[in-house]
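If you're wondering where the values come from, they're calculated on a predicted model, not measured in any experiment. Protein chains get the first letters and strands the later ones, always in sequence-line order, with residue 1 at the start of each.
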2 protein chains.
Amino acid sequence: MAGPRTRAVDRRPPGRRRASHSLDAVLTAAVELLDEAGDSALTFRALAARLGTGVGSIYWYVTSKDDLLDRATDHVLAGVLTAVEGQPGTDDPIADLRVMAVTLFDAIVDRPWLAAYFMRNTDVQGNSLLLYEKLGQQTLRLDLTPKERFHAVSAIVGVVVGTAADLGQDPPEEVVSGAVDRAEFLARYAATWRAADPDQFPFVSQIADEFAGHDDREQFLAALDLTLAGLRLQAGGEVGQPGHE
Amino acid sequence: MAGPRTRAVDRRPPGRRRASHSLDAVLTAAVELLDEAGDSALTFRALAARLGTGVGSIYWYVTSKDDLLDRATDHVLAGVLTAVEGQPGTDDPIADLRVMAVTLFDAIVDRPWLAAYFMRNTDVQGNSLLLYEKLGQQTLRLDLTPKERFHAVSAIVGVVVGTAADLGQDPPEEVVSGAVDRAEFLARYAATWRAADPDQFPFVSQIADEFAGHDDREQFLAALDLTLAGLRLQAGGEVGQPGHE
DNA sequence: CGGATTTATCGAACAATGTTCTATCGTCTG
DNA sequence: CAGACGATAGAACATTGTTCGATAAATCCG
């Protein structure tokens with residue numbers, strides 16, 4: 001969406017001889033750590049411990065933590081990409097866009113750490129670029145100017161990543177520790193909001209109940225559908241079936 | 001949007017006597033540091049140096065760095081809120097929503113560090129909540145269900161923060177150092193994309209030029225307008241003037 | 001007034017982390 | 001066999017956020 005940062009040259013050995021660890025092993029272990037305990041769990045020392053090697057060794061495959069994260073993201077994105085490519089596809093480009101966006105969203109829900117490094121990982125290369133292309137190809141089937149296509153894809157990716165990032169935050173420790181479950185946690189908030197003076201806070205007090213029974217996925221779909229409705233309008237509206245629930 | 005994290009109790013002295021530093025001074029200095037050199041510039045040591053105090057003293061006003069950031073954000077958001085409140089307001093709620101969203105976006109452009117801590121700062125309280133309310137009040141003028149209102153506001157905030165966060169990333173060091181200016185930097189990317197095989201990358205190669213002359217604000221407005229168009233449709237469309245350029 | 005309590009400050013110490021550096025080992029290659 | 005190179009290991013360093021105890025200054029209270 002914006003611009004890349006300089007990348008490390010790939011110093012991976014061509015014929016892997018008998019290396020005890022490959023870049024792939026490093027990346028896999030890194031993803032494991034991230035999956036298991038999130039963002040903060042991925043440290044060079046923890047990674048080295050899991051691989052059974054020294055800290056310094058990792059730097060032979062990777063030039064920095066940023067680099068590690070970039071590659072780990074790309075590693076995972078490969079799977080997302082094939083998932084997206086495996087989707088059937090209809091005669092309605094916007095419906096297809098929707099399916100792809102949802103797939104991407106689900107992938108981020110599965111791996112919340114992806115969200116953070118999706119925004120930061122501005123290097124539009126590798127699988128990230130391929131995904132971008134895949135989305136963009138749907139817009140080619142719409143009656144839009146190139147600029148409108150560009151903006152449409154940006155907007156959709158923005159909705160996905162924006163919503164998912166919000167969701168990717170590690171919940172407060174009370175919830176993690178299991179002391180309070182998510183429902184009660186939300187309910188507590190809702191209570192605060194409902195208690196707000198309806199004259200001064202008409203919206204918040206009306207919305208309190210929605211917030212309590214609040215479903216992230218539903219919220220995402222609502223945002224996505226608003227954007228897609230706008231897009232359908234922009235594309236002339238005559239393409240495909242208008243109302244898709 | 002999601003949930004809060006536990007907050008520190010306010011131990012600020014009621015009558016400030018002759019304290020050499022107040023919470024306000026700490027927050028102001030923190031914001032200065034963030035404004036001057038961004039995210040990474042705000043360290044407790046740098047902050048202490050600027051205040052002419054010791055590191056430990058800051059912990060009397062603030063319980064952690066998260067807390068510091070939360071308060072600093074809220075501090076700044078106060079200004080944004082009054083800016084939003086100062087806006088005239090028309091008979092078209094959606095137009096008003098647009099103006100407010102743009103104002104918020106501009107604030108984040110001015111202070112890119114806001115974006116990061118806008119998503120993380122899930123404690124929907126203080127000025128953040130007030131802003132939420134302010135946006136929501138516009139939706140009360142639309143023919144929507146409470147749930148739809150909730151989703152609408154979430155979607156709009158998502159667009160603002162999502163786009164702004166993307167933009168808030170510190171650009172690669174080449175650009176910062178002035179070695180390459182932004183235009184050339186983007187052009188370099190565009191070149192890569194344009195060189196892509198048009199058969200395999202029809203979208204990216206078509207879009208390359210748009211990306212080169214790419215304007216963040218324009219991109220944001222495009223995304224916002226898609227969402228608002230969808231919202232207008234959802235609200236029945238008969239409210240206010242339909243096409244607003 | 002004088003001790004005690006609260007308010008506020010300071011900087012040394014700690015633990016964790018990313019990163020660098022040097023030493024070393026093994027496997028090819030000539 | 002000797003040197004080069006691929007690869008590894010871990011000690012050392014700088015920079016973080018955070019904790020702690022010592023201590024001063026203000027305030028309160030009897």
Side-chain angles (χ1 to χ4, degrees), chain A residues 5-27 29-30 33-34 37-72 113 116-117 120-121 170 173, chain B residues 5-27 29-30 33-34 37-72 113 116-117 120-121 170 173:
Chain A
R5 71 194 59 222
T6 40
R7 254 226 166 152
V9 283
D10 189 354
R11 287 194 282 168
R12 201 173 2 175
R16 74 191 44 166
R17 319 188 185 291
R18 288 223 285 119
S20 34
H21 303 106
S22 58
L23 173 59
D24 232 67
V26 171
L27 260 33
L33 282 174
L34 287 168
D39 222 356
S40 59
L42 180 60
T43 71
F44 276 75
R45 284 167 180 83
L47 187 53
R50 167 153 313 206
L51 289 167
T53 75
V55 204
S57 308
I58 304 174
Y59 277 87
W60 196 86
Y61 297 99
V62 146
T63 71
S64 69
K65 190 169 188 183
D66 271 358
D67 187 34
L68 173 63
L69 256 349
D70 281 351
R71 294 195 200 258
W113 55 271
Y117 296 99
R120 198 199 50 98
N121 173 24
D170 23 35
E173 68 272 56
Chain B
R5 75 192 58 220
T6 40
R7 252 222 169 156
V9 283
D10 189 354
R11 288 194 283 169
R12 199 172 6 174
R16 77 188 43 167
R17 322 193 184 287
R18 288 220 290 118
S20 33
H21 302 106
S22 58
L23 174 60
D24 231 68
V26 171
L27 261 33
L33 282 174
L34 286 168
D39 222 358
S40 60
L42 179 60
T43 71
F44 276 73
R45 284 165 180 84
L47 186 54
R50 166 152 315 204
L51 289 167
T53 75
V55 206
S57 309
I58 303 174
Y59 278 87
W60 196 86
Y61 296 99
V62 146
T63 71
S64 68
K65 190 168 188 184
D66 271 358
D67 187 35
L68 173 62
L69 255 349
D70 280 351
R71 293 193 200 262
W113 54 271
Y117 296 99
R120 198 200 48 98
N121 172 24
D170 22 35
E173 68 271 56

Side chains of T63(A) and L68(A): does their closest heavy-atom pair fall under 4.5 Å? no
Report yes if some heavy atom in the side chain of L33(A) is under 4.5 Å from a heavy atom in the side chain of T43(A); otherwise report no. no
Rounded distance in Å - [atom1] ([X]) to [atom2] ([N]):
X      : N       : atom1 : atom2 : result
L23(B) : dT7(C)  : CG    : P     : 16 Å
L69(B) : dT16(D) : CG    : P     : 15 Å
L51(B) : dT9(C)  : CG    : P     : 10 Å
L47(B) : dT9(C)  : CG    : P     : 13 Å
W60(B) : dT7(C)  : CH2   : P     : 7 Å

Gap between atom CD1 of I58(A) and atom OG of S64(A) - 0.5 Å precision: 12.5 Å
Check every strand shown and say whether L42(B) touches a base, only sugar-phosphate, or nothing at a heavy-atom separation below 4.0 Å. sugar-phosphate
Would you mind classifying the nucleic acid contact of S57(A) as base, sugar-phosphate or nothing, using non-hydrogen atoms under 4.0 angstrom? base
Taking every non-hydrogen atom, the tightest pair across [X] and [Y]:
X      : Y      : value
V62(A) : D67(A) : CA-OD2, 3.6 Å
F44(A) : K65(A) : CE1-CB, 3.6 Å
A46(B) : A41(B) : CB-O, 3.8 Å

What does the B/S/- profile of nucleotides 18-24 of chain D look like, 5' to 3', with a 4.0 Å heavy-atom cutoff to protein? BB-----
